[in-house]
Amino acid sequence: MSPRRGKPLRQFAVIGLGRFGRSVARTLYEMGHEVLGVDVDEELVQEMANEVTHAVQADATDEDALRQLGIRNFDVVVVAIGDLEASIVATLLLKELGVEYIVSKASSELHGKVLEKVGADRVIYPERDMGVRVAHNLVSGNLIDYIELMPGYSVMELVAKDELVGKTLRQLDLRAKYGINILAIRRGNEIIVNPSADEEFQRGDILVAMGRDDRLERLEAVDNQRARVPGNP
Ligand code: ADP
């Protein structure tokens, strides 16, 4: 499989082939990247054999085993081990072995802090993030997606409300009113990046908005009357 749009092929290793690790590994492979899947569980390794470039049985808390995998040569190593101690030890060893970019999965804030201290370049909290997304989606009928940039700041994708249709960004003055920047507008198959102040919203437009959470929530709240929560007509 060749990478899309001529992007250079990157080498990824995903350690821990639980539900999360499998999903990451499979997706990267489908995108055309080279993916090594690693797990202590031989059965999981067998199951993944046809879904990644290579699948290998190894214990990521064993330094020699990691060395033998040539783990240093991978561009990105994802540690998706649920067990606290094993995920911390694996992250530390990968750092010591000189891995360029380590992404580690944390199950709690404290776990995440420790992972950062031992060398994770990026810590991800899939359960917490998914919980936040689901909650926002349940409360706000017009919210499509939600990404936390850093604590307190997010990017939201939401459907333009009826009140916005026919108005320009200048008229709405969202930046002054809510401190919100509209990064892009998705209109059918078209994407208008960094729209001008004279851009007029159309029905069905999808806004990609960035700002402080409390401000975005104010924008989002306007639509609460129409929220698609069961029992909320
Ligand atoms: P999820 O919630 O994503 O399913 P789990 O914690 O259940 O995550 O799965 C993590 C995976 O990590 C399991 O398949 C487990 O076998 C694997 N794993 C645990 N310890 C190690 C280790 N030391 N080296 C490699 N893989 C490990």
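The chain is numbered in sequence order, starting from 1. Atoms within each ligand, like the ligands themselves, are counted from 1 in listed order. Since we're looking at a predicted model, the values are computed, not measured.
Using a cutoff of 4.0 Å between basic side-chain nitrogens and carboxylate oxygens, Lys95 and Glu100 are not scored as salt-bridged. In this structure, Glu51 does not pair ionically with Arg22, as no charged nitrogen and carboxylate oxygen lie closer than 4.0 Å. Salt bridge Arg10/Asp75: absent, no basic N to carboxylate O contact under 4.0 Å. A salt bridge between Arg170 and Asp198 is present, with a side-chain N of the basic residue lying under 4.0 Å from a carboxylate O of the acidic one.
An N or O contact shorter than 3.5 Å is missing between Gly21 and ligand 1 by distance. Distances between N or O atoms of Arg19 and those of ligand 1 include at least one value under 3.5 Å. The N/O atoms of Gly82, backbone and side chain alike, include one that comes under 3.5 Å of an N/O atom in ligand 1. Some N or O of Lys105 is nearer than 3.5 Å to an N or O of ligand 1, by distance alone. Checked against a 3.5 angstrom limit, the closest N/O atoms of Ile15 and ligand 1 fall outside it.
There is no protein heavy atom closer than 4.0 angstrom to atom 7 (O) of ligand 1.
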Would you check, one step at a time, whether the test side-chain contact (heavy atoms from CB on, under 4.5 Å) holds for Phe201 with Leu169?
-> CA-CA 8 Å; Phe201 286 113; Leu169 273 172; 3.8 Å; yes

Go through the steps for Leu149 and Ser154 under the test side-chain contact (heavy atoms from CB on, under 4.5 Å), then give the verdict.
-> CA-CA 5 Å; Leu149 294 176; Ser154 307; 5.6 Å; no

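Using a 4.0 Å cutoff on heavy atoms, Ser87 does not count as a contact of ligand 1. Under the 4.0 angstrom criterion for non-hydrogen atoms, Arg22 is not in contact with ligand 1.
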List the atom pairs, donor and acceptor, that lie under 3.5 Å between side-chain atoms in residues 53-64 and the rest of the protein, sequence neighbours left out.
from, atom 1, to, atom 2, distance (Å)
Thr53, OG1, Val35, N, 2.8
Thr53, OG1, Val35, O, 3.4
Gln57, NE2, Val40, O, 2.8
Asp59, OD1, Thr61, N, 2.9
Asp59, OD1, Thr61, OG1, 2.7
Asp59, OD2, Thr61, OG1, 3.1
Asp62, OD1, Asp64, N, 3.0
Asp62, OD1, Ala65, N, 3.3
Glu63, OE2, Arg67, NH2, 3.0

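Counting heavy atoms from C-beta on, the side chains of Tyr178 and Asp173 never come closer than 4.5 Å. Between Leu172 and Leu164, the closest side-chain pair of non-hydrogen atoms falls below 4.5 Å.
Remark: Arg175 pairs with no residue by the salt bridge (Lys or Arg N to Asp or Glu O under 4.0 Å) rule, at least two apart or across chains.
Shortest contact from atom 20 (N) of ligand 1 to any protein heavy atom: Ile81 CG2, 3.5 Å. Of all protein heavy atoms, the one lying nearest to atom 9 (O) of ligand 1 is Gly18 CA, 3.5 Å. Protein heavy atom nearest atom 18 (N) of ligand 1, with residue, atom name and distance: Val40 CG2, 3.8 Å. For atom 12 (O) of ligand 1, the closest heavy atom belonging to the protein is Gly16 CA, 3.3 Å.
Contacts between Ala58 and ligand 1 below 4.0 angstrom, taking non-hydrogen atoms only, involve the backbone exclusively.
Heavy-atom contacts of Leu44 reach the following atoms of ligand 1: 14 (O) (cutoff under 4.0 Å). Proximity to Ala60 (heavy-atom distance under 4.0 Å) selects the following atoms of ligand 1: 22 (C), 23 (N), 24 (N), 25 (C). Interface of Ala80 with ligand 1, defined as ligand atoms under 4.0 Å from a residue heavy atom, comprises 10 (C). Every atom of ligand 1 is numbered from 1 in the order shown, and the set under 4.0 Å from a heavy atom of Phe20 is 3 (O).
A side chain to side chain contact (heavy atoms under 4.5 Å, CB included) with Phe12 holds for exactly one of Val77, Val24, Leu28; it is Leu28.
Nearest-residue assignment for atom 22 (C) of ligand 1 (options Asp59, Asp39, Thr61; heavy-atom criterion): Asp59.
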